[in-house]
Asks: 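I have a structure I would like to understand better, so I am pasting it below and will then ask my questions one at a time.
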Amino acid sequence: MLRVILAGHTLDREFVQSMRRGELPADVEPTPETISAAYARISRFPEPIPELRAQARRDVPASRKSNRTIVFRMGHHSVAEHVQLNFDILGVSRLALEALEDARLCSYTEKSQRYVTFGGEHVVPEEFGPAERELFEAAAAEQIAFYRRAFEKLLELQRKRNSDMLGTKTGVETVEGWAKEDARYALGLATETQLGFSGNARNLEHVVRKLRHHPLAEVRALSRGLFDAASEVAPSLIILSDPERFREAFGRDVSDGFVARGRATIERLARETMASAAPEAASVGWTEGDVTLLGGAADPDAAVIAALLHSGSGLPYANCSARAKAMSSGERRGFVCDALAELSEFDALPREFEAAAFTFEIALSAACFGQLKRHRMMTLVAQPYDPALGITIPEAVREAGLAGELRELAERSAGTFARLASTQPRAAEYVLTNAHRRRALAVINLREIHHMARLRMDKHAQWDIRDVTASITALARRAAPATALLACGKDAFASVRSALRA
Ligand SMILES: Cc1cc2nc3c(=O)[nH]c(=O)nc-3n(C[C@H](O)[C@H](O)[C@H](O)COP(=O)(O)OP(=O)(O)OC[C@H]3O[C@@H](n4cnc5c(N)ncnc54)[C@H](O)[C@@H]3O)c2cc1C
């Protein structure tokens with residue numbers, strides 16, 4: 001069952017110390033809102049900040065009032081960012097999490113399907129009536145039974161393959177993890193999980209407002225849970241997502257039309273536009289595995305080098321760009337190697353590497369999408385899961401002789417999906433598995449590609465996201481041979497670097 005618990009929040013330290021000393025007056029309510037109110041006053045009042053904080057603490061109602069005015073009436077929303085809230089979220093489905101984790105400026109840590117064995121707990125979508133529920137439960141039971149059986153077989157396979165690792169607790173856990181992370185391709189998107197979720201009040205308000213209008217009932221319930229928990233401690237900072245309080249405070253309705261219906265309008269227009277003329281699929285770009293490079297800067301190496309020349313030389317961009325474009329490939333490579341001579345695998349690349357961005361189309365499994373979406377410094381938009389795209393089958397599942405069974409399970413799940421979709425097109429997705437696929441569009445700059453490569457091409461990364469990241473990186477290297485030189489897993493960083501110096 002879905003539960004949202006407020007685990008923690010920002011609080012002025014003076015409140016905490018007064019409480020510890022037992023000196024907090026009974027009529028003073030310790031709330032995170034005083035921090036936002038005090039910081040908002042920095043721009044207008046001459047008093048030192050500790051005094052502004054003391055004033056805000058002394059008069060909480062006035063702090064709330066000024067938050068409402070400054071944040072919502074004057075539009076100075078960034079002051080709400082000074083308040084951080086933490087939530088425990090339990091009993092949420094993997095599918096609903098996709099909606100939550102769409103918020104890029106928040107933080108998440110969720111139960112790993114690699115480390116934790118799943119007992120079969122799953123969300124039963126509220127949208128389903130008795131007949132739909134029966135269909136759904138039958139499919140879910142089959143997925144869970146296959147997961148358990150596949151886990152045993154995969155564990156046996158991994159133990160045989162990696163018998164040298166079984167002497168240590170870490171080795172045993174790693175081997176078990178490999179079996180779990182492959183067995184989970186049979187698990188449905190309704191599988192329950194738990195996570196820690198943190199965000200500042202500004203982002204939280206955005207999340208609550210967006211999720212309140214989501215087509216899935218579970219996601220709307222999540223929005224309510226977050227709103228109820230947050231508005232207990234920070235009512236003045238999440239008012240835009242509370243139509244009644246907004247009306248009370250400002251005497252007019254907040255316009256939610258686009259949040260509520262904008263996505264549906266885009267989908268309708270897209271369907272109509274694509275149906276109105278038979279579209280010719282033109283060749284779009286280079287492909288590597290399941291990733292296609294659709295576009296980007298014409299000369300990404302020159303774009304990054306020009307940006308480095310610009311910030312380093314003090315000369316106008318036109319001169320820097322002309323110089324970068326005129327460099328030979330050897331000069332470009334030498335320039336990048338010298339500029340990054342002291343870079344370690346723990347250092348972010350200079351921001352100038354954001355000057356080149358690439359657009360990719362990626363066909364990927366739900367298991368892989370779950371990982372890709374956690375990289376927040378990119379634009380990631382995805383189509384719904386589509387059984388017509390087939391499924392992703394882990395290599396170990398093939399080796400264990402389970403590929404045919406997984407395929408059959410996925411086909412039966414897709415059959416149930418089609419039946420459920422006739423009445424519940426959105427909620428039907430719950431019955432698809434981690435192996436089912438979708439298409440995503442990702443716009444990623446070269447700096448983030450380096451970061452992703454470090455984490456996801458490393459030996460600790462799961463194979464599916466490793467394959468996708470390796471394809472993204474290979475395409476970036478093809479387009480930007482000089483500036484993508486150091487994009488590699490962190491375990492390979494030292495050798496890649498020394499090969500460059502040689
Ligand atoms: C081997 C492995 C195992 C993992 N296991 C789990 C797991 O069990 N559970 C789980 O939930 N996740 C897991 N993850 C995902 C991981 O926690 C990250 O969420 C994911 O890799 C995204 O990377 P990132 O956070 O470094 O950066 P990105 O989101 O790609 O952002 C790039 C960089 O921007 C900066 N940045 C972005 N957003 C913020 C922010 N809000 N605050 C501060 N800096 C920010 C950071 O410098 C970050 O490195 C795992 C990842 C790996 C590689």
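All figures in this text were calculated on a predicted structure; none of them were measured in a lab. Just so you know, ligand 1 is whichever comes first in the structure, and atom 1 is the first atom listed for that ligand. Hydrogens, waters and symmetry mates are skipped; everything else that's a heavy atom, side chains included, is used. Nothing fancy with the numbering, it's 1 onward along the sequence.
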Asks: Give me the residue, atom name and distance of the protein heavy atom closest to atom 8 (O) of ligand 1.
Replies: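 Going by distance alone, atom 8 (O) of ligand 1 is nearest to S112 CB, 3.3 Å.
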
Asks: Does atom CD of E126 have more than 12 heavy-atom neighbours, drawn from other residues, nucleotides or ligands, at distances under 6.0 Å?
Replies: no

Asks: From atom 42 (N) of ligand 1, is the closest protein heavy-atom distance below 4.0 Å?
Replies: no

Asks: Please write down residue, atom name and distance for the protein heavy atom closest to atom 21 (O) of ligand 1.
Replies: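 Its nearest protein heavy-atom neighbour is R456 NH2, 3.3 Å.
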
Asks: Treating E288 as the side-chain partner and A470 as the backbone partner, does any N or O pair qualify as donor plus acceptor under 3.5 Å?
Replies: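 No.
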
Asks: So, are R376 and E101 salt-bridged, with charged N and O less than 4.0 Å apart?
Replies: no

Asks: Looking only at protein heavy atoms, which one is nearest to atom 9 (N) of ligand 1, and how far off is it?
Replies: E110 O, 3.0 Å

Asks: Of all the non-hydrogen atoms in the protein, which one sits nearest to atom 35 (C) of ligand 1, and at what distance?
Replies: M377 CE, 4.3 Å

Asks: Considering distance alone, does some N or O of E448 sit under 3.5 Å from an N or O of ligand 1?
Replies: yes

Asks: Is there a nitrogen or oxygen of R374 sitting under 3.5 Å from a nitrogen or oxygen of ligand 1?
Replies: yes

Asks: Cation-pi between K111 and F118: NZ/CZ under 6.0 Å from ring centre and within 45° of the ring axis?
Replies: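 Positive - K111 is close enough to the ring of F118 and near enough to its axis.
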
Asks: List the steps and the verdict of salt bridge (Lys or Arg N to Asp or Glu O under 4.0 Å) for E267 and R426.
Replies: CA-CA 13 Å; E267 285 170 11; R426 297 291 178 153; 2.5 Å; yes

Asks: Is the CZ atom of R149 crowded by more than 12 outside heavy atoms at less than 6.0 Å?
Replies: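 It does: R149 CZ has more than 12 such atoms within range.
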
Asks: Considering only non-hydrogen protein atoms, determine which one is nearest to atom 48 (C) of ligand 1 and report residue, atom name and distance to 0.1 Å.
Replies: H451 NE2, 3.9 Å

Asks: Is there at least one protein heavy-atom neighbour under 4.0 Å from atom 23 (O) of ligand 1?
Replies: yes

Asks: Does the protein place any heavy atom closer than 4.0 Å to atom 1 (C) of ligand 1?
Replies: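 It does; a protein heavy atom is within 4.0 Å.
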
Asks: Taking the inter-plane angle between the rings of F197 and Y108 on a 0 to 90° scale, is it parallel (under 30°), tilted (30 to 60°) or perpendicular (over 60°)?
Replies: parallel

Asks: Is any heavy atom of the protein nearer than 4.0 Å to atom 30 (O) of ligand 1?
Replies: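 Given the 4.0 Å cut-off, atom 30 (O) of ligand 1 counts as touching protein heavy atoms.
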
Asks: Which residue supplies the protein heavy atom nearest to atom 5 (N) of ligand 1, what is that atom called, and how far is it?
Replies: Y115 CE1, 5.0 Å

Asks: Aromatic rings F369 and Y385: how do their planes relate, parallel, tilted or perpendicular, breaks at 30° and 60°?
Replies: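 The rings of F369 and Y385 stand perpendicular, inter-plane angle above 60°.
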
Asks: Would R104 count as being in polar contact with ligand 1, using the rule that some N or O on each side must be under 3.5 angstrom apart?
Replies: no

Asks: Atoms of ligand 1 less than 4.0 Å from H460 heavy atoms?
Replies: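 Under 4.0 Å from H460, ligand 1 has these atoms: 1 (C).
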
Asks: What's the shortest distance from atom 44 (N) of ligand 1 to any protein heavy atom, and which residue and atom give it?
Replies: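 Closest protein heavy atom to atom 44 (N) of ligand 1: R376 NH2, 5.0 Å.
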
Asks: Is the F151 to W178 ring centre distance short of 6.0 Å?
Replies: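 Between W178 and F151, which both carry aromatic rings, the centre distance is not below 6.0 Å.
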
Asks: Checking side-chain polar atoms at under 3.5 Å, does S198 have a donor or acceptor matched by the opposite partner on N86?
Replies: yes

